[in-house]
Amino acid sequence: MTDLAATDDLFFNRTGMDRARVEGLTGDALTGTDDGELFLEYVQSEALVFDDGHLRSANYNTEQGFGLRAVAGETTAYSHASELSEEAIKRAGETVRTVRRGSGGTFAAPPPATNQSLYTDANPLGSPDFEAKARLLGEMDAYARARDPRVRQVSASLVGSWQAVQVLRPDGSRAADIRPLVRLNVAVVVEQDGRMESGSFGTGGRVAFDRFLTPESWKGAVDEALRQALVNLESVPAPAGEMQVVLGPGWPGILLHEAIGHGLEGDFNRKKTSAFAGLLGQRIAAPGVTVVDDGTISDRRGSLTIDDEGTPGQYTPLIEDGILTGFMQDRMNARLMGVQPTGNGRRQGYAHVPMPRMTNTYMLGGDHDPGEILASVKKGLYAVNFGGGQVDITSGKFVFTCTEAYLVEDGKVGPAVKGATLIGNGPDVLTKVAMVGNDMALDPGVGTCGKEGQGVPVGVGQPTLRIDGLTVGGTAV
C-alpha cells in the first residue's frame, strides 16, 4: 500500500470525510493567497521508563488533527484543530481567509513529486509487545549492575512513535509520508569513596525497535553509558583559558548544529538577524570546511521522505571549502528570497506552523588521521561528548558543556576532566578550524532540535576537528 493510500484510509475512510469536498474547502480557503496547505496528521506514540529497579511509567497516546495555513507575502494565517471533520476544516478556512488582503494572487506551484522512500512505513509500536519491552528494560538494569559493583542507579527508556501525514494543496496535488521513529536510552550512576558520577548513551532512528533490541545493541548501549560514568569517576577539575581544542567525531557535531546550523536557516537570513546574513558567496570558514544538510539518508532520525510542506527531502550544501553557498529553506522564505525550497519546512505537529529547520546537518571529512590531529596538540583539550548548550542566533555566541573531555599535552591524551565548557562564537570558530579528520561519523540517533517552542528530530555529525584558540571554561583553581 502506498503512503497516499494508507493515509487516505486514516484521514478519509475512517473519519467519513470526503476527499473531494476537503480539497474544495482547502481551495476556497486559499483563493487569493500566495501559498498554503492543509496538513493532516495522525500519531501513535509510546514511552516506557525503567528507573532504579522498577518500571516507573508506561504511556501510550494517539493524537490526530489538522492545520490549515494561508500565506500572503510575509503574513501567515494559521488555524488548527484536533477534530478531523469537514465542518472543522470549513471553520478553519473562514479564519485563514483574513490573510487574503495584500496577496499577489498568484498561487505558488506545488512541490515536485517523488517516489523516493527513505524508511519503512511499518508501525514500530506493535513489536515487540509491551511485556517484552518492559522485560528488556529490566534486563538492562540487571546487566549494568552485574558489570560493576560501583553502579548505584540505572535508568533506561524506550520511546517510539508512528506518524502519518498528508499535505493537500488547492490545485489538487497531494503528498503523504508515514514516519516511524524509535529511541533507546540508558543512564548509569556510579559511586566510589563517596563520589558519584554518571554516564549516558542513546541510539535510535526511523526504523523498527528490533534493530536496537538485540543483545549486541542494548548491551553495547549499557557498556558505553557505564564507560562514561567510570571515566568521569576518575576525572580532575578542568583547566580554564584559551587553548587548542580537538572535537571528537559524531555527536560533538551538536556544537556545529547549534552554533552554526541555526544561523544558516532561511528565515534568520531573510530577516537579516543571522550572523551570516549577506555573506552568501563569501569565505566564512577555513579552507577544508564543508558543511551540508542532508535529509536523504535512509533510516536516519533527521531524514524526511517529504518535509511538512510536501517538498521532498534534499541534500543541501551550505558551506563548500569554507565558502557560504546556501541556506536551508521552507517554501515561504524561499519564495521571498527568490530561491528554491530545500525540503527543510518542518513543524512539530498539526498545531504548529512550518519553518526552516535542519534535518541531518554535518561536516564532511578531510584528509587528516585522528591520531595525527591529537599528536599535533601541544597543550589543549580533547572533547568527546557534549551535554546542553546555549546559543544566540544573532551574534553566534555559544556556551557548551562537555560531558566527556580529556587533557592533551605534547600530543598525548591525559586524564579526563570535569566541568569543562566551550565558549565561543560560531562564525569565529569556523575560521579557527586548523585540521579536519578523515573519520566523519554521524551521531547515534538521539538529537532533538528546539526552535520557537517547537521540537523536531534531527541528526548531527562531523569528523575529528582541531580548533585553535577556543576559550575553555573550567573548574580548576
In terms of side-chain heavy atoms, does [X] have a donor or acceptor partner in [Y] at a distance below 3.5 Å?
X	Y	answer
S376	R466	yes
D51	Q153	yes
S303	N360	yes
T316	D293	no

Does any N or O in the side chain of S274 come within less than 3.5 Å of the main-chain N or O of N269, such that one atom is a donor and the other an acceptor?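 No: the side chain of S274 does not pair with the backbone of N269.
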Does K418 use its side chain to pair, donor to acceptor, with the backbone of T475 at less than 3.5 Å?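 The answer is no, because no donor-acceptor pair under 3.5 Å joins these two groups.
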For the side-chain contact (heavy atoms from CB on, under 4.5 Å) test, which of R301, R357, M355, M358 pairs with V456? R357
Per the side-chain contact (heavy atoms from CB on, under 4.5 Å) rule, which among D148, D141, V151 passes with V188?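 Among D148, D141, V151, the one that satisfies the side-chain contact (heavy atoms from CB on, under 4.5 Å) with V188 is V151.
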Under 4.0 Å between a Lys/Arg side-chain N and an Asp/Glu carboxylate O for [X] and [Y]?
X	Y	result
K271	D267	no
R331	E309	no
E37	R69	yes
R179	D177	yes

A132: which residues meet the side chain to side chain contact (heavy atoms under 4.5 Å, CB included) condition with it, sequence neighbours left out?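 A132: side chain to side chain contact (heavy atoms under 4.5 Å, CB included) contacts with P128, D129, R135.
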Side chain to side chain contact (heavy atoms under 4.5 Å, CB included) involving A122 - partner list, sequence neighbours excluded: T120
Write out all pairs satisfying salt bridge (Lys or Arg N to Asp or Glu O under 4.0 Å) with one or both partners inside residues 361-371, taking only residues at least two apart or from two chains. none
I need the full list of salt bridge (Lys or Arg N to Asp or Glu O under 4.0 Å) pairs touching residues 211-224, with sequence neighbours left out, sorted by first then second residue.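 Only R147-D223, R211-D299, E224-R227 qualify under salt bridge (Lys or Arg N to Asp or Glu O under 4.0 Å).
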Whether over 12 other heavy atoms sit under 6.0 Å from K432 NZ: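 Counting neighbours around NZ of K432, more than 12 heavy atoms of other residues, nucleotides or ligands fall under 6.0 Å, so yes.
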Using the test ring-ring contact (aromatic ring centres under 6.0 Å, His included), find all partners of Y143 that sit at least two apart in sequence or belong to another chain.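 Y143 satisfies ring-ring contact (aromatic ring centres under 6.0 Å, His included) with W218 only.
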Where do L226 and V190 come nearest, in terms of heavy atoms and distance?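 Between these two residues, the closest heavy atoms are CD1-CG1, 3.8 Å.
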Mind listing the closest non-hydrogen atom pair of I319 and A285 along with its distance?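 Looking at all heavy atoms of both residues, the closest pair is CG2-CB, 4.3 Å.
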With under 30° as parallel and over 60° as perpendicular, where do the rings of H257 and H262 fit, or are they tilted in between? perpendicular
May I have the step-by-step check of side chain to side chain contact (heavy atoms under 4.5 Å, CB included) for M440 and M363, ending in yes or no? CA-CA 7 Å; M440 199 288 289; M363 184 184 295; 5.9 Å; no
Full working for side chain to side chain contact (heavy atoms under 4.5 Å, CB included) between Y362 and I297: CA-CA 12 Å; Y362 56 92; I297 311 172; 3.9 Å; yes
With sequence neighbours excluded, tell me which residues meet side-chain hydrogen bond (donor to acceptor under 3.5 Å, both in side chains) with T296.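 So T296 forms a side-chain hydrogen bond (donor to acceptor under 3.5 Å, both in side chains) with D294.
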